[in-house]
Student: 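A single structure is presented below for examination.
Numbers here simply count residues along the sequence, with the first being 1. Keep in mind that this is a model prediction, so the values were computed, not measured.
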Amino acid sequence: MLNLKTLSEPVYGRRAPALLLAALVLGVALISASPVARAQPGDSTIVDAREAFRKRDSERLAALRAEAVGARLPLAMWVDYWELTNRINEVQQPEVDAFTARWRGTYVEDRLRNDWLLELGKRRDWANFAVEYPRFRMNDDREVTCYALLTDQLAGKDVRDAARTAWFAQRDADDGCTLLAATLVDAGQFSAADAWRKARLSIDAGRPRAARQAAALVSVAAASAVNEIVDSPIRYLARRATAANRSGAELTTLALMRMASSDPEGAARQLDERWSQRLPADLGAWAWASVAKQSAMKLQPEASDYFQRAARRAAKADRPIDWSDDTLAWQARAALRADNGRARWQQVVQAINAMSDGEQRDPTWVYWKARALMAMAADSQDADSMRTLAREQLAGIAGQMNFYAALAAERLGLPIFMPPRPAPLTDAERDAAERNPGLARALQLIAIGLRNEGVREWNYSLRGMDDRELLAAAQLACDHEVWDRCINTSDRTRGEIDMAQRFPTPFRKEVTARADAVGLDPAYVYGLIRQESRFVMSAQSGVGASGLMQIMPATARWTAKKLGLHFSHHQIADRDMNLKLGTAYLKLVLDDFGGSQPLAAAAYNAGPRRSRQWRDGPPLEAAVWAENVPFAETRDYVKKVLSNATYYAVQLGEQAPSLLARLGRAIAPPDLTADASSSDLP
């Protein structure tokens, strides 16, 4: 989690009197419109109220609410929100109505409505829910969506398809989606097959509680069996597993899937020796696919063979594959690694074709399907049309701005896409952003250290903005050095793209000097910082990484000792010290991995030990290796750091390497004769 620095520059200093006059003329309370982001009287009241809310100190919170509202503080609405939501389980509709009337059109009004809709669902107060739901503007809460579908069901509407989609997409067990599913089961609109598929999807995603809830819709006995399976799948398989009936086969499949999550080889033996032919073909396919996925995530060479066995069982079932997109993604990744890195391109295409429509449109899978078609064309009688289709697919993403778009452009022999610079913002456009009360409140919240609330207020205020409005809002954040909002807001534009906003270069003199001092490419350093901290000097992660380059305390101490620097913990967020230690450590990591930017980026994010483990195996094209990084966060990180660096090279005016050049040569186990002088890297 990042904590933005306290801002000292006023957002609206010269316009405050005019805004006050306008607010009085319009009859709008200054509380909801004052665009101020510098220190304000009453800031301490807001901070104290947030702490009282965290501690659930109802008496203190009520007193601070009265103080904030009485003094008409610009952020009083937040104290009002914290006080009301702190006792939401005892609130009645009239008090909610009064709150929403006080703060109409603001983020906290809609945030409170979200909380209240969840509370109404838990109370089974469908009458008030039906009145409130159409007013919910964000409408981004899946549990609320499930409650809303339930009210439609109770009103006699056909919600089966939408309900099934929402339930299957439910990440964790919650009251709303579980109640919706139970209601549709009771109405005969959801079947036991739906419940079993939900249980399989939940086990596949590592969410045992959701699996238990799904099984409970079949029977109490099924839920009890899932409890046993979650606790000890091996014991269940030894003592209770059966394939004599559908329910028994479903439970056995869940046990095999659960076992595969920790021991894919053992689960494969169970399938080989006992279950593969006994289970119905569709369930045998699920079990083999789960084994294959877990094997692929461990980078085991057998993974692609396991997926082939799963596909053969699925073919015998004579029904479409209904595995999760995540499982299918690992099927494609395993196929890219297969046969000592030569790849099984047909299996890549099969996996991608089985994905949902939305997933197939992701640039990742557009790129790899195109690569597969190109590779398969050599042995096809229709080679020219396959190559033409592959080039069309690459061209379809080459105009985007991401890792695979840049690779697609380079594969076509084109320069990476660099959008034309948009027309300068007008004074009127800048003024509109400065006068936006939500953006002003967001900046003030961030300035007083309430970053989470500030980010939510900011993002809500962007709703409905067109490209020019987004550019103006982004520039407002840039001007106040709130770099994460600057970048993230500018990233939302589609037709007009400002590269200076998306890839800003704060502290340019200092960053380039430190990079040059240790022999690093400044664009690579900037690409890493953009991904690590968004240039927020006081950024601190949940595990303790700090500063621009997000250095862990132990790593900072180790690096300082290596450099012979005197270092104390309080210096970790100091800009210059953080840059000195971060660039020195990155250079040591890069050298340890033979100059490989993908390996070094993975090591910086997940640790050198893991990066070393992940390079074991056959030599792989670097893009294939990056796509097979087992940790989703690190996989995304490596791709973004390298693509960031490619765009930053243009921003810095460098004659820098292309993305393909940054990926470098094939990644393979290290030469055992190489110098391992930095093998103690933390």
Side-chain angles (χ1 to χ4, degrees), residues 363 367 394 397-422 474 478 483-484 486-488 490-491 493 497-535 548-550 579 582-587 589-591 593-605 621-623 625-626 636-665 667:
Y367 177 82
L394 292 175
I397 62 171
Q400 301 176 18
M401 294 189 65
N402 54 61
F403 179 82
Y404 282 112
L407 283 184
E410 293 189 28
R411 286 281 171 187
L412 293 171
L414 303 172
I416 63 167
F417 172 69
M418 293 296 294
R421 188 171 183 174
C478 295
W483 298 112
D484 70 324
C486 166
I487 293 167
N488 291 14
S490 194
D491 269 346
T493 65
I497 297 172
D498 188 330
M499 293 295 287
Q501 289 179 348
R502 291 196 181 192
F503 297 92
T505 55
F507 325 117
R508 185 163 177 169
K509 178 180 177 182
E510 293 78 9
V511 171
T512 55
R514 288 309 314 162
D516 290 342
V518 297
L520 285 172
D521 173 12
Y524 186 54
V525 176
Y526 262 115
L528 184 140
I529 295 175
R530 185 184 189 271
Q531 199 58 28
E532 284 285 354
S533 68
R534 290 289 200 262
F535 305 101
L548 286 176
M549 298 192 70
Q550 288 291 277
L579 281 172
T583 52
Y585 179 71
L586 179 59
K587 174 60 172 173
V589 170
L590 190 64
D591 289 347
F593 286 98
S596 170
Q597 292 189 18
L599 282 166
Y604 198 95
N605 179 260
E621 175 189 331
W625 180 87
D636 183 64
Y637 177 91
V638 170
K639 292 187 286 190
K640 285 184 175 175
V641 167
L642 267 65
S643 59
N644 287 349
T646 304
Y647 295 118
Y648 266 116
V650 179
Q651 290 292 93
L652 296 171
E654 298 178 2
Q655 293 296 319
S658 68
L659 180 53
L660 281 171
R662 287 185 185 281
L663 284 164
R665 62 184 182 273
I667 293 178

Student: Looking at every heavy atom in both M549 and T583, which two are closest together, and how far apart are they?
Tutor: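 Result for this residue pair: SD-N, 3.5 Å.
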
Student: Excluding sequence neighbours, so at least two apart, what forms ring pair (Phe, Tyr, Trp, His ring centres under 6.0 Å) with Y585?
Tutor: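 Counting only residues at least two positions away or on another chain, Y585 forms a ring pair (Phe, Tyr, Trp, His ring centres under 6.0 Å) with Y604.
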
Student: Using the side chain to side chain contact (heavy atoms under 4.5 Å, CB included) rule, take Y637 and L528 through it: C-alpha gap first, then chi angles, then the decisive distance, then the call.
Tutor: CA-CA 9 Å; Y637 177 91; L528 184 140; 3.3 Å; yes

Student: State, to 0.1 Å, how close R665 and G594 come at their nearest heavy-atom pair, and which atoms those are.
Tutor: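 Nearest heavy atoms, R665 then G594: NH2-O, 3.5 Å.
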
Student: Starting from the C-alpha separation in whole Å, work towards a yes-or-no answer on side chain to side chain contact (heavy atoms under 4.5 Å, CB included) for N605 and Q531.
Tutor: CA-CA 10 Å; N605 179 260; Q531 199 58 28; over 6 Å; no

Student: So, for Q651 and M499, which heavy atoms are closest and what is the spacing to 0.1 Å?
Tutor: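 Heavy-atom minimum between the residues: NE2-O, 3.3 Å.
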
Student: Taking E410 for the side chain and L659 for the main chain, is one N or O donor matched with an acceptor at less than 3.5 Å?
Tutor: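 Here the side-chain-to-backbone pair exists.
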
Student: Show me, pair by pair, the donor-acceptor contacts under 3.5 angstrom made by side chains of residues 640-648, not counting sequence neighbours?
Tutor:
residue : atom : partner : partner atom : Å
K640    : NZ   : D636    : OD2          : 3.3
S643    : OG   : K639    : O            : 3.0
S643    : OG   : K640    : O            : 3.3
N644    : OD1  : R530    : NH1          : 3.4
N644    : ND2  : G527    : O            : 3.2
N644    : ND2  : K640    : O            : 3.1
T646    : OG1  : L642    : O            : 2.9
Y647    : OH   : N402    : N            : 3.4
Y648    : OH   : P504    : O            : 2.6

Student: Quick one, D591 with K587, criterion salt bridge (Lys or Arg N to Asp or Glu O under 4.0 Å). Give me CA distance, side-chain angles, the key distance, then yes/no.
Tutor: CA-CA 6 Å; D591 289 347; K587 174 60 172 173; 3.2 Å; yes

Student: Ignoring hydrogens and angles, tell me if any N or O in the side chain of Y524 forms a donor-acceptor pair with the backbone of Q597 under 3.5 Å.
Tutor: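 Yes.
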
Student: Which heavy atom of I397 sits nearest to which heavy atom of P363, and what is that distance?
Tutor: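 Shortest heavy-atom separation between I397 and P363 comes out as CD1-O, 3.8 Å.
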
Student: Could you measure the distance from the SG atom of C478 to the CD1 atom of I487? Nearest 0.5 Å is fine.
Tutor: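 These two atoms lie 7.5 Å from each other.
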
Student: Under the side chain to side chain donor-acceptor pair (under 3.5 Å) test, which residues partner S490, sequence neighbours left out?
Tutor: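 Listed in chain order: Q501.
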
Student: Kindly determine whether L548 and F507 satisfy side chain to side chain contact (heavy atoms under 4.5 Å, CB included), including the steps that lead there.
Tutor: CA-CA 10 Å; L548 286 176; F507 325 117; 3.8 Å; yes

Student: Taking the side chain as C-beta and beyond, is there a heavy-atom pair between L586 and V518 under 4.5 Å?
Tutor: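 Side-chain contact under 4.5 Å: no.
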
Student: State which residues pass ring pair (Phe, Tyr, Trp, His ring centres under 6.0 Å) with F417; sequence neighbours excluded, sorted by chain then number.
Tutor: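 So F417 forms no ring pair (Phe, Tyr, Trp, His ring centres under 6.0 Å) with any residue.
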
Student: Could I get the full list of side-chain contact (heavy atoms from CB on, under 4.5 Å) partners for S596, not counting sequence neighbours?
Tutor: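 With neighbours one apart ignored, the set is P598, L599, I667.
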
Student: What are the two closest heavy atoms between R534 and W483, and how far apart are they?
Tutor: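 Heavy atoms of R534 and W483 come nearest at O-CB, 3.0 Å.
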
Student: Compare every heavy atom of P522 with every heavy atom of T512, then report the nearest pair and how far apart it is.
Tutor: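 T512 and P522 have their closest heavy atoms at CG2-CB, 4.0 Å.
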
Student: Please identify each residue that fulfils side-chain contact (heavy atoms from CB on, under 4.5 Å) with A517, with sequence neighbours left out.
Tutor: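 Residues passing side-chain contact (heavy atoms from CB on, under 4.5 Å) with A517: R514.
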
Student: Supply the atom-to-atom distance L652 CG to Y526 OH, rounded to the nearest 0.5 angstrom.
Tutor: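 L652 atom CG to Y526 atom OH measures 6.5 Å (nearest 0.5 Å).
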
Student: Taking atom CG of D491 and atom CZ of F503, what is their separation to the nearest 0.5 Å?
Tutor: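 Answer rounded to 0.5 Å: 7.0 Å.
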
